[in-house]
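Labels below follow one simple rule: chain letters A, B, ... track the order of the sequence lines, proteins then strands, and each chain is numbered from 1.
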There are 2 protein chains.
Amino acid sequence: MNTKTRKAQEIANREELLLDIALELMAETGFAGLTMDKITQRSQYSKGTVYNHFACKEDVLCALCCRSMRLQIELYQRINDFAGSTREKMIAMAYGYRLFNRLYPTLSMVVLSMKTPNIMEKTSSIRSTSVSEHENKIVGIAVKLIEEAVALGDIPASQNVDANAATFAAWSMAFGTNALSSAVVHKSSKFCSAGFDSQYALLYNVNLLCDGLNWKPLSNQQDYLATWQRIGQELYAKELAMLEQNETLY
Amino acid sequence: MNTKTRKAQEIANREELLLDIALELMAETGFAGLTMDKITQRSQYSKGTVYNHFACKEDVLCALCCRSMRLQIELYQRINDFAGSTREKMIAMAYGYRLFNRLYPTLSMVVLSMKTPNIMEKTSSIRSTSVSEHENKIVGIAVKLIEEAVALGDIPASQNVDANAATFAAWSMAFGTNALSSAVVHKSSKFCSAGFDSQYALLYNVNLLCDGLNWKPLSNQQDYLATWQRIGQELYAKELAMLEQNETLY
DNA sequence: GTCACATTGTGACGAAGTGTCAATAACGAG
DNA sequence: CTCGTTATTGACACTTCGTCACAATGTGAC
């Protein structure tokens, strides 16, 4: 029985190793540069072994997506300790989301790609439900926060806010902002010339949303830019320092 | 000289034909089922000719993306004739966006995929700037509408709204809502069990955003669900009828 | 220690797809 | 009709995916 758990551990370790390699390859040679053969070559294992872990190439992405979400969850959990209003905590979630996207650009692209049909069509159901589970955990954090805001009256009861609907709105906003930001940055979009500031776009957008929910204090009652800075200092100082030194973690 | 324009016309026609085939293939066999070989086989032309039109497979998607945006623009232009406030017109844009996504599900997936790195990395620069140009046209429609709202005072000057920033927010929201809706519908997401209603999610989300901008009349001052219905009847009756009969147009 | 059995690993291989290019065909001006 | 130009073709070289018969290794009973 002991040997079994040891073996299982070894397999789990190898899986992480393979994922490290996959991520490294993607960072080096771009998204299209990831092939199963290259993973095989760079690892000390053979193709068959790699395919023992992942049913297909898309499953590798799925697994990376799960890792990505575990990392995100870690960032979001710190928010519990943040001394601030519920709205400030929601903004902290947005901060964490953006931080994640900057710190792990390759992983972020993986998450984005997972919403795309050509990937989803091919993933095995085991992997894709695993992604859903992780996703639900993140969604749960946001739902809980919004429910708390309603309970405390930060979001007036008269707004009749459904926590699920509001969470979906916030998620949509964050997801869309990130997806379009990275696209806008690279291209000759109208926004580039219009002084588009990707740094604060998410703060701005989430503030609009919260104001729409009538989530007190409103953005004209409080300086959320200051909150934004404070979140960075108090919750994510370590990660910001890494970014300063251009230490991107895939 | 006349022969040249005739020839050019023929080539343009053939390009449209090839795109029709590509779309048909995607609708039939899924996104991953699209191959250059199949396009070749189903058309009466050879591989070389197909590659004369499109530098690579991703260029086909790019071209479809442009077609997709031309169709969208057509939908949005009708809004000029809509008798309503600026905010109602913004909601009409959201309506058009959602209508487009329902009427052309395959094309919608193409647009979504274009925001993804594995596609973007491979597209030729000519095609991708063409996508940007089309995109800018759509963005321009929204910017103009928001500027008008500010000029009329529907959005109070005190909000200090930048039309570009607000457009980006609206675009992010619409894009994110659509991307996540289609993902949520298929999967065992928390939202499914929570009575997620994809039909009105975009209306709800855009209303939140407009409320956040303090775009008058606010959603508690007017029944925008009624507006939503009116938009369907007055602007998009034909398209709705098609949807009723399950006539999806790729 | 060893033997039968179970599990895990291997890499050559077939299938499928991409993009190229030398050869061929069609075109049109003179 | 002829000849240079341009468009078209499909065989080919190359890449990649995913499989499977076989090899190697690990396990536990005796």
Side-chain angles (χ1 to χ4, degrees), chain A residues 1-18 21-22 25-26 28-64 113 118-127, chain B residues 1-18 21-22 25-26 28-64 113 118-127:
Chain A
M1 186 52 66
N2 200 4
T3 65
K4 253 197 185 139
T5 59
R6 178 181 54 80
K7 196 73 193 165
Q9 184 58 49
E10 271 172 23
I11 288 176
N13 289 343
R14 187 172 56 196
E15 184 147 324
E16 287 308 306
L17 177 73
L18 291 175
I21 291 171
L25 277 169
M26 259 194 295
E28 282 174 25
T29 60
F31 210 89
L34 178 70
T35 71
M36 296 302 260
D37 279 328
K38 282 192 204 156
I39 295 178
T40 292
Q41 283 158 31
R42 196 169 286 200
S43 77
Q44 56 189 325
Y45 303 100
S46 74
K47 206 163 195 180
T49 301
V50 174
Y51 272 94
N52 269 356
H53 285 272
F54 309 106
C56 60
K57 192 181 160 183
E58 284 70 24
D59 266 20
V60 177
L61 297 186
C62 252
L64 283 175
S113 300
N118 44 346
I119 305 289
M120 280 305 297
E121 275 171 8
K122 296 210 215 156
T123 52
S124 69
S125 63
I126 305 145
R127 291 279 178 187
Chain B
M1 187 49 66
N2 198 3
T3 67
K4 254 199 184 135
T5 59
R6 179 179 55 77
K7 196 75 193 164
Q9 184 57 48
E10 270 172 24
I11 288 177
N13 288 344
R14 188 171 57 198
E15 184 146 325
E16 287 307 306
L17 176 73
L18 291 175
I21 291 171
L25 277 169
M26 260 194 295
E28 282 173 24
T29 60
F31 210 90
L34 178 69
T35 71
M36 296 302 259
D37 277 330
K38 282 191 205 156
I39 295 178
T40 292
Q41 283 158 29
R42 196 168 287 200
S43 76
Q44 55 189 326
Y45 303 100
S46 75
K47 206 163 197 181
T49 301
V50 173
Y51 272 94
N52 268 357
H53 285 272
F54 309 105
C56 59
K57 192 181 159 183
E58 284 71 24
D59 266 21
V60 177
L61 297 187
C62 251
L64 283 176
S113 300
N118 44 347
I119 305 288
M120 278 305 296
E121 275 171 7
K122 297 211 214 158
T123 51
S124 70
S125 63
I126 305 145
R127 292 279 179 187

Asker: Taking OP1 and OP2 of C:dG11, is either one under 4.0 Å from a side-chain nitrogen or oxygen of A:Ser46?
Answerer: no

Asker: Figure out the CZ/C1' separation between A:Phe54 and D:dT19, and round it to whole Å.
Answerer: 18 Å

Asker: Mind calculating the distance between CD1 (A:Ile39) and C1' (C:dT10) to the nearest angstrom?
Answerer: 17 Å

Asker: Look at A:Arg14 and C:dT8 and indicate whether a side-chain polar atom (N or O) is within less than 4.0 Å of OP1 or OP2.
Answerer: no

Asker: Please identify each residue that fulfils side-chain hydrogen bond (donor to acceptor under 3.5 Å, both in side chains) with B:Gln44, with sequence neighbours left out.
Answerer: none

Asker: Write down the distance between CG (A:Asp59) and C1' (D:dC17), rounded to a whole number of angstrom.
Answerer: 14 Å

Asker: Evaluate the criterion side chain to side chain contact (heavy atoms under 4.5 Å, CB included) for residue pair A:Met36 and A:Tyr51; output intermediate values, then yes/no.
Answerer: CA-CA 9 Å; A:Met36 296 302 260; A:Tyr51 272 94; 3.4 Å; yes

Asker: Expressed in angstrom and rounded to an integer, what is the separation of B:Gln44 atom CD from D:dA7 atom P?
Answerer: 18 Å

Asker: Just report the end-to-end axis angle for the helix from C:dG1-D:dC30 to C:dG30-D:dC1, five pairs per end, to 10 degrees.
Answerer: 0°

Asker: Of B:Asn52, B:Thr40, B:Ile39, B:Leu17, which meets side chain to side chain contact (heavy atoms under 4.5 Å, CB included) against B:Tyr45?
Answerer: B:Leu17

Asker: Answer whether the closest heavy-atom distance between the side chains of B:Arg127 and B:Phe54 falls below 4.5 Å.
Answerer: yes

Asker: Taking atom P of D:dG18 as reference, at what distance in whole Å does atom OH of A:Tyr45 sit?
Answerer: 21 Å

Asker: Please confirm whether the backbone N or O of B:Ser124 pairs with a side-chain atom of B:Asp59, one donor and one acceptor, at under 3.5 Å?
Answerer: yes

Asker: Would you find a donor on one side and an acceptor on the other, under 3.5 Å apart, between the side chain of A:Glu121 and the backbone of B:Gly30?
Answerer: no

Asker: Using salt bridge (charged side-chain N to carboxylate O under 4.0 Å, His left out) as the criterion, point out the one residue from A:Lys57, A:Arg42, A:Lys47 that pairs with A:Asp37.
Answerer: A:Lys47

Asker: In whole Å, I'd like the distance from the CD1 atom of A:Ile11 to the C1' atom of D:dG26.
Answerer: 12 Å

Asker: Can a donor-acceptor pair be found, under 3.5 Å and without considering hydrogens, that links the side chain of A:Thr29 to the backbone of A:Met26?
Answerer: no

Asker: Using a 4.0 Å cut-off on protein heavy atoms (strictly under), produce a 5'-to-3' string for nucleotides 14-20 of chain C with B for base contact, S for backbone-only sugar-phosphate contact, and - for none.
Answerer: ---SBBB

Asker: For B:Ile21 and B:Lys38, run side chain to side chain contact (heavy atoms under 4.5 Å, CB included): C-alpha distance rounded to whole Å, both residues' side-chain angles, the deciding distance at 0.1 Å, then the answer.
Answerer: CA-CA 9 Å; B:Ile21 291 171; B:Lys38 282 191 205 156; over 6 Å; no

Asker: So, is B:Asn52 close to the D:dA7 phosphate, meaning a side-chain N or O under 4.0 Å from OP1 or OP2?
Answerer: no

